[in-house]
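Each remark here refers to the structure printed beneath this line.
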Amino acid sequence: MDQDALKQAAARAAADYIDPMLTTTTIVGIGTGSTADYFIDYLAEVKHKFDGAVSSSVASETRMRGHGIPVYDLNSVDEIPVYVDGVDESNHRLELIKGGGGALTREKIVASVSGEFVCIADESKLVDTLGTYPLPVEVIPMARGAVARALVGLGGEPVWRDDFTTDNGNIILDVHGLSITDATGLEAAINNITGVVTCGLFAARPADVLLLGRPGGVDTLRA
Ligand code: 5RP
């Protein structure tokens with residue numbers, strides 16, 4: 001099975017996993033990326049069973065609207081029982097690196113207010129130590145140089161993502177060369193740099209469940 005088929009299998013498993021949670025008042029939180037796109041396509045098949053969704057990006061919102069799934073502004077929603085999203089790297093504690101698609105800030109906001117965070121991925125995303133995948137950091141444009149110097153001070157090698165502006169109008173610095181053993185500590189340290197909107201470490205609020213597509217089937221990992 002290729003990587004895409006494994007992503008698709010994880011997305012299918014997530015649709016089955018959340019099905020019992022769906023009622024006509026349920027709002028589902030939706031992530032961003034190719035695995036999340038597969039999930040949106042499966043969710044569309046049961047759109048009559050739930051009220052609508054809160055999106056973590058313009059791209060996912062557009063895809064959902066194309067399927068006729070109602071999309072709500074987070075400020076108009078009281079409760080998100082479940083959030084489903086992909087990942088760039090997860091360790092065995094389900095601490096994550098996210099933001100390959102640049103949607104990390106909105107993803108982190110939706111994850112932070114959701115009851116259960118269900119992560120979906122192919123098996124290549126599970127690692128022993130986070131950091132081989134460059135850590136995305138969303139930065140206010142005027143602070144690019146200052147934040148980059150601070151990230152070097154933390155042991156990283158930041159690279160300005162070419163030709164990319166986030167949905168919030170900011171830039172991304174992708175930080176290479178990290179071997180992350182204290183994800184919660186590094187998340188706090190980076191988020192504390194003035195000019196950083198947020199970093200793509202999801203450790204203070206890790207995933208609750210990781211549905212991992214493997215050639216033999218989808219494994220369920222819990223934190
Ligand atoms: C977007 C993300 C994505 O979830 C992450 O990049 C994984 O993407 P894909 O499912 O395409 O492999 O964090 O900001």
Side-chain angles (χ1 to χ4, degrees), residues 1-15 28-43 53-64 74 82-91 94-112 114 116-127 130-139 159 161-176 178 180 183 187 190-191 196-214 218 221:
M1 275 174 110
D2 66 9
Q3 191 182 21
D4 256 3
L6 298 179
K7 290 180 179 192
Q8 211 168 347
R12 175 75 259 172
V28 183
I30 302 290
T32 300
S34 57
T35 321
D37 280 348
Y38 286 129
F39 176 72
I40 291 168
D41 296 346
Y42 289 128
L43 197 63
V54 168
S55 181
S56 62
S57 65
V58 173
S60 290
E61 176 171 349
T62 303
R63 194 176 190 92
M64 285 191 280
L74 179 58
V82 63
Y83 175 60
V84 181
D85 196 0
V87 66
D88 295 304
E89 276 186 355
S90 172
N91 65 21
L94 307 195
E95 296 167 333
L96 315 174
I97 287 182
K98 290 186 45 54
L104 58 154
T105 300
R106 294 187 187 194
E107 291 171 343
K108 196 178 275 194
I109 292 168
V110 183
S112 74
S114 296
E116 186 169 10
F117 180 1
V118 179
C119 198
I120 49 178
D122 68 273
E123 63 177 354
S124 72
K125 306 293 184 73
L126 184 64
V127 299
L130 297 172
T132 302
Y133 193 93
L135 175 64
V137 180
E138 181 165 355
V139 176
V159 175
R161 196 178 291 186
D162 273 342
D163 293 326
F164 187 84
T165 303
T166 71
D167 286 346
N168 312 307
N170 298 312
I171 62 148
I172 297 281
L173 295 177
D174 290 305
V175 187
H176 297 246
L178 296 171
I180 304 170
E187 180 180 8
I190 295 177
N191 287 348
V196 167
V197 180
T198 199
C199 73
L201 273 170
F202 287 53
R205 202 290 184 237
D208 299 302
V209 180
L210 173 59
L211 299 175
L212 200 63
R214 290 186 152 137
V218 176
L221 283 71

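One-based numbering along the sequence shown. Note that ligands are numbered from 1 as they come in the structure, with each ligand's atoms numbered from 1 the same way.
The contact set between ligand 1 and Ala103, taken as ligand atoms under 4.0 Å from a residue heavy atom, comprises 14 (O). Those atoms of ligand 1 that come under 4.0 Å of a heavy atom in Gly86, given as number and element, are 4 (O). Near Gly102, with a cut-off below 4.0 Å to any heavy atom, the atoms of ligand 1 are 14 (O). Atoms of ligand 1 found under 4.0 Å from any heavy atom of Lys7, numbered from 1 in the order shown, are 9 (P), 11 (O), 12 (O).
In terms of protein heavy-atom proximity, atom 12 (O) of ligand 1 is closest to Lys125 NZ, 2.8 Å. In terms of protein heavy-atom proximity, atom 9 (P) of ligand 1 is nearest to Ser34 OG, 3.3 Å. Ranking protein heavy atoms by distance to atom 6 (O) of ligand 1, first place goes to Asp88 OD1, 2.7 Å. Of the protein's non-hydrogen atoms, Thr32 O, 3.1 Å is the one closest to atom 3 (C) of ligand 1. Counting only heavy atoms of the protein, atom 10 (O) of ligand 1 lies nearest to Thr35 OG1, 2.5 Å.
The shortest side-chain heavy-atom distance between Ile30 and Glu61 does not fall under the 4.5 Å cut-off. Side-chain atoms of Asn168 and Thr105, non-hydrogen and from C-beta on, do get closer than 4.5 Å to each other. At least one side-chain heavy atom of Glu187 sits less than 4.5 Å from a side-chain heavy atom of Cys199. For the pair Pro134 and Val175, the minimum side-chain heavy-atom distance is 4.5 Å or more. In this structure, the side chains of Val118 and Phe39 stay at 4.5 Å or more apart for every pair of heavy atoms.
Closest to atom 14 (O) of ligand 1 by heavy atom, among Lys98, Glu107, Lys108, is Glu107.
Annotation: cation-pi pair Lys98/Phe202 present, NZ/CZ under 6.0 Å from the ring centroid and within 45° of its normal.
Not a single heavy atom of Gly31 lies less than 4.0 angstrom from ligand 1.
By the criterion of a heavy-atom distance under 4.0 Å, the side chain of Asp85, and not its backbone, is placed next to ligand 1.
The distance criterion of under 3.5 Å between nitrogen or oxygen atoms is not met by Ala36 with respect to ligand 1. Between Gly33 and ligand 1, no N or O atom pair is found at a separation short of 3.5 Å.
In this model, no donor atom of one side chain and acceptor atom of the other lie less than 3.5 Å apart for Ser55 and Ser60.
Asn170 and Val197 make their closest contact through ND2-CG2, 3.7 Å (heavy atoms, listed as atom of the first residue, atom of the second, distance).
With respect to Lys108 and Glu138, no salt bridge is recorded, no charged nitrogen being found less than 4.0 Å from a carboxylate O.
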